[in-house]
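Shown next, in structure tokens, is the structure this report addresses.
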Amino acid sequence: MRTVAVLGGGIGGLAASYYLCKSPHVSKVVTLESSSRFGGWMWSTRRSDGAVFEHGPRGIRPAGAVGRNTLNMVDDLGLAGEILPVTYSHVASKNRYLYVNKQLHRMPSGISGLLQTVPPFSRPLLLSVAPEMLVKKGKKEDESIHSFVSRRFGKELADIAVDSLCRGVFAGDCRKLSVRSCFPVLYNAEQHRGSVTLGMLLGTGPNHVIPPGPLSQRSIKESWAQWSLSRGMESLPESITEFLEQSGRVQLHREAAVKHISPSASGWTIHLEDGVMTADHIISALPAKALSSVLPLSCQPLIQQLQDISTVTVAVVNLEYEGSILPVTGFGHLVPSSEDQGLLGVVYDSVPFPEHNRPNGQTTRVTVMMGGAWFQEVFGVPEAVTDERLLARATEAVQCHLGVTTVPSWARVCLHRDCIPQYYQGHFRAVESMRSFIKEHNLPLSLIGSSYDGVSVNDVIFSGRTAVEELLGTGVNAGI
Ligand SMILES: Cc1cc2nc3c(=O)[nH]c(=O)nc-3n(C[C@H](O)[C@H](O)[C@H](O)COP(=O)(O)OP(=O)(O)OC[C@H]3O[C@@H](n4cnc5c(N)ncnc54)[C@H](O)[C@@H]3O)c2cc1C
Ligand SMILES: C=Cc1c2[nH]c(c1C)Cc1[nH]c(c(CCC(=O)O)c1C)Cc1[nH]c(c(C)c1CCC(=O)O)Cc1[nH]c(c(C)c1C=C)C2
């Protein structure tokens, strides 16, 4: 393989570039990013007084093959010393809340959570979990998450817990999201074991083999539930960028928006604002809609399927308060759509990551997330929503939900347009069909990033690795 162009410099595009760079089989890699910075949604503000605020992801899970893979990369990049782990025994792992009927309720956990009635639920969880093992296997090839959970565990769990969970991961509506694509573990448990409970106890089949490197071994030994980095999540894309620059094998271009791509004799011609380049293969790490708008008309069915992948807009409001203002301690709270459509949840950032607080003086950082699948209904078109309105709504939520009457000493409002893809029912078929089209037409094109195979940072990094392995027909030797 001579030249590979990677479109998009979010964590997906950077990860693909990193794995390509590790391979001796590729002579040139060109990474094209439209904005002035790499990292995409991995974006942190580092204030001059030392405080750190996350505008995108704030915690990465170390568990599973994809979690190990990311930690192996982090180790290889020399970032191990910057890790901020949160263990399973930490209060941020134990305590998560739901805001229901104008009150905070700690989500049930452990044996007592199973056996006792814990509000807002009307009966012990055991009464939903035990009969689940006897529920017949569903016959549909895909189903909404709400329908799947109602069928197996009952409507109350689906309406409150699962509705909230989907808002806290996809900012999405569990009545539309696909169980097969969003929570493949649940779907596979039913398929392989006939029950989610049994699947959780016995396992749901083979996983990717990713041996744990030293950092991943440490995460297992120390029982990490999630981790961040001392200078914020953006250190990860920054560190990959630095690695790629130092390798001398990757050309990184900022402010290089891809306008159009057209097939050429040996691969692709890529049209940029101020010139053209050629590549033998393209790895697209663009959001699906952005890719659809640059493909040639000859790719028509693919263009339509890419356009059909919806996204949602999320308003992220970071707030800093003087003093210790939280009435409860934990990771944060989620709000089910029946309680308040527009307010998704509040993360108590200072609890899992106090290291990101301003070093001098006691402060509390929280992040309020709003909108998602309900954005337009509640706030109207994103173009017309003002920062003032979002800030007012966020501080009002902190006041009502947490009883905080003081005014924040610092605030930042970010409107993330189209930031989280929504895997609706049938998503897996659409992705399968897009990849079949590419194969049948011998298009030298790989699809990676959050639009296809999982939205978490781990999933996106792993999609970059998988694409490079498939392209080169080899396993990548990347700090494993
Ligand atoms: C608010 C929020 C909170 C999140 N929290 C978590 C969390 O706690 N844990 C977790 O694991 N995940 C979390 N995620 C998900 C995760 O951050 C994203 O799914 C992931 O960062 C997406 O990476 P990506 O590279 O696929 O896409 P992106 O980050 O969208 O990158 C795509 C890049 O392509 C560029 N681009 C677009 N068009 C063009 C073009 N024409 N030419 C060139 N470049 C172009 C864009 O500028 C962008 O940089 C969160 C996401 C959000 C929005
Ligand atoms: C309220 C909105 C959101 C919050 N976080 C996100 C949104 C939209 C985005 C997000 N959060 C997580 C992921 C990655 C999923 C993964 O597979 O790792 C994404 C894209 C992590 C996460 N956050 C919550 C859960 C249950 C998870 C899954 C992993 C885990 O169990 O740690 C819950 C949660 N998210 C938010 C809050 C306030 C909250 C619960 C109190 C914010």
Side-chain angles (χ1 to χ4, degrees), residues 5-16 31-43 54-64 66-67 70 86 92-93 95-99 107 161 164-172 182-183 185 225-226 228 233 236-237 253-261 270 272-273 284-291 293-294 311-316 330-335 343-349 352 366-373 414 416-421 448-461 463-464:
V6 177
L7 313 190
I11 192 64
L14 290 176
T31 311
L32 302 166
E33 164 57 41
S34 57
S35 75
S36 57
R37 57 174 276 283
F38 289 104
W41 297 119
M42 294 193 84
W43 178 23
E54 300 291 2
H55 308 303
R58 58 212 55 239
I60 299 185
R61 289 191 288 165
V66 293
T70 303
V86 179
S93 309
N95 294 353
R96 286 172 181 198
Y97 297 86
L98 292 173
Y99 183 73
M107 284 193 213
S164 307
L165 173 71
C166 290
R167 284 157 64 87
V169 175
F170 299 96
C182 296
F183 294 114
V185 171
Q226 56 168 317
S228 178
M233 278 297 176
L236 181 55
H253 297 283
R254 294 170 179 84
E255 293 176 355
V258 176
K259 294 288 170 195
H260 181 65
I261 61 174
I270 301 169
L272 304 166
E273 224 149 52
S284 170
L286 302 178
K289 277 202 178 65
L291 175 62
S293 71
V294 302
T311 50
V312 295
T313 294
V314 178
V316 174
F331 180 76
H333 67 262
L334 287 169
V335 184
L343 206 299
L344 303 171
V346 182
V347 188
Y348 315 155
D349 300 289
V366 301
T367 305
V368 182
M369 304 216 191
M370 296 178 289
C414 297
H416 293 336
R417 293 191 56 188
D418 300 313
C419 62
I420 306 191
I448 69 158
S450 62
S451 298
Y452 313 102
D453 310 303
V455 303
S456 75
V457 170
N458 286 331
D459 291 327
V460 170
I461 290 174
S463 74

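Quantities reported herein were computed from a predicted structural model and do not represent experimental measurements. Ligands are counted one by one from 1 in listed order, and the atoms in each one are counted from 1 as well.
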Legend entry - Of the listed options Leu286, Ile11, Asp459, closest to atom 40 (C) of ligand 1 (non-hydrogen atoms): Leu286
Inset, instruction - Would you give the length of the straight line joining atom NE2 of His55 to atom NE2 of His416, rounded to the nearest 0.5 angstrom? - result: 7.5 Å
Legend entry - Sub-4.0 Å heavy-atom contact, Val314 with ligand 1: no
Inset, instruction - Using distance alone, decide if ligand 1 has a nitrogen or oxygen within less than 3.5 Å of any nitrogen or oxygen in Asn458. - result: no
Inset, instruction - Could you see which bit of Val460 sits under 4.0 Å from ligand 1, with heavy atoms only: side chain, backbone, both or neither? - result: side chain
Legend entry - Under 3.5 Å: N/O of Ser456 near N/O of ligand 1: no
Inset, instruction - From atom 5 (N) of ligand 1, work out which of Pro57, Gly40, Gly10, Ala288 has a heavy atom at the shortest distance. - result: Pro57
Legend entry - Heavy-atom gap Val314 to ligand 2 smaller than 4.0 Å: no
Inset, instruction - Assess Val294 for proximity to ligand 1: is some non-hydrogen atom of it under 4.0 Å away? - result: no
Inset, instruction - Mark whether atom 21 (C) of ligand 2 lies under 4.0 angstrom from at least one protein heavy atom. - result: no
Legend entry - Over all atoms of both residues, closest heavy-atom pair of Gly13 and Val6: O-CG1, 3.4 Å
Inset, instruction - Tell me which part of Leu165 gets within contact of ligand 2: side chain, backbone, both or neither, using heavy atoms under 4.0 Å. - result: side chain
Inset, instruction - Determine whether any heavy atom of His333 lies closer than 4.0 Å to an atom of ligand 2. - result: yes
Legend entry - Phe170 and Phe183 aromatic ring geometry - parallel, tilted or perpendicular at 30°/60° bounds: perpendicular
Inset, instruction - Determine whether the side chain, the backbone, both or neither of Ser451 has a heavy atom under 4.0 Å from any heavy atom of ligand 1. - result: neither
Legend entry - Ligand-residue contact atoms, ligand 1 with Cys419, heavy atoms, under 4.0 Å: 53 (C)
Legend entry - Donor-acceptor contact below 3.5 Å, side chain Glu54 vs main chain Met233: yes
Inset, instruction - Taking only heavy atoms of Ala257 into account, list the atoms of ligand 1 that are under 4.0 Å away from them. - result: 42 (N)
Legend entry - Any N or O of Gly59 closer than 3.5 Å to N or O of ligand 1: yes
Legend entry - Heavy-atom pair of closest approach, residues Gly8 and Ala285: O-CB, 4.1 Å
Legend entry - Residues Asp418, Lys289: salt bridge by 4.0 Å N-O rule: no
Inset, instruction - May I ask you to check whether Val457 has an N/O atom sitting below 3.5 Å from an N/O atom of ligand 1? - result: yes
Legend entry - Any N or O of Ala290 closer than 3.5 Å to N or O of ligand 1: no
Legend entry - Atoms of ligand 1 close to Val258 [distance to a heavy atom under 4.0 angstrom, numbered from 1]: 40 (C), 41 (N), 42 (N), 43 (C)
Legend entry - Min N/O separation Gly12 to ligand 1 under 3.5 Å: yes
Legend entry - Nearest-option assignment for atom 23 (N) of ligand 2, heavy atoms, candidates Gly168, Ala171, Gly64: Gly168
Legend entry - Polar contact flag for Val455 and ligand 1 (N/O pairs, less than 3.5 Å): yes
Legend entry - For Ser450, the ligand 1 atoms whose distance to one of its heavy atoms is below 4.0 Å: 19 (O), 22 (C), 26 (O)
Inset, instruction - Without swapping roles, check the side chain of Asp453 against the backbone of Ile448 for a donor-acceptor pair under 3.5 Å. - result: no
Legend entry - Residue selection (non-hydrogen contact nearest atom 32 (O) of ligand 2) among Met107, Arg96, Met369: Arg96
Legend entry - From Phe183, Phe331, Tyr348 - option closest to atom 34 (C) of ligand 2 by heavy atom: Phe331
Inset, instruction - Please answer whether the main-chain N or O of Ala256 pairs with a side-chain N or O of Ser34 as donor and acceptor at a distance below 3.5 Å. - result: no
Inset, instruction - Give yes if a backbone or side-chain nitrogen or oxygen of Ser35 is under 3.5 Å from a nitrogen or oxygen of ligand 1, and no if not. - result: no
Inset, instruction - Taking all non-hydrogen atoms of both residues into account, name the closest pair between Leu291 and Tyr452 and its distance. - result: CD2-OH, 4.1 Å
Inset, instruction - Kindly say whether Gly59 contributes a backbone atom to a donor-acceptor pair with the side chain of Arg61 at under 3.5 angstrom? - result: no
Legend entry - Numbered atoms and elements of ligand 1 in range of Val316, under 4.0 angstrom, heavy atoms: 1 (C)
Inset, instruction - Can you sort out which atoms of ligand 1 are near Leu32, meaning under 4.0 Å from one of its heavy atoms? - result: 43 (C), 44 (N)
Inset, instruction - Enumerate the atoms of ligand 1 whose separation from the nearest heavy atom of Ala285 is less than 4.0 angstrom. - result: 32 (C)
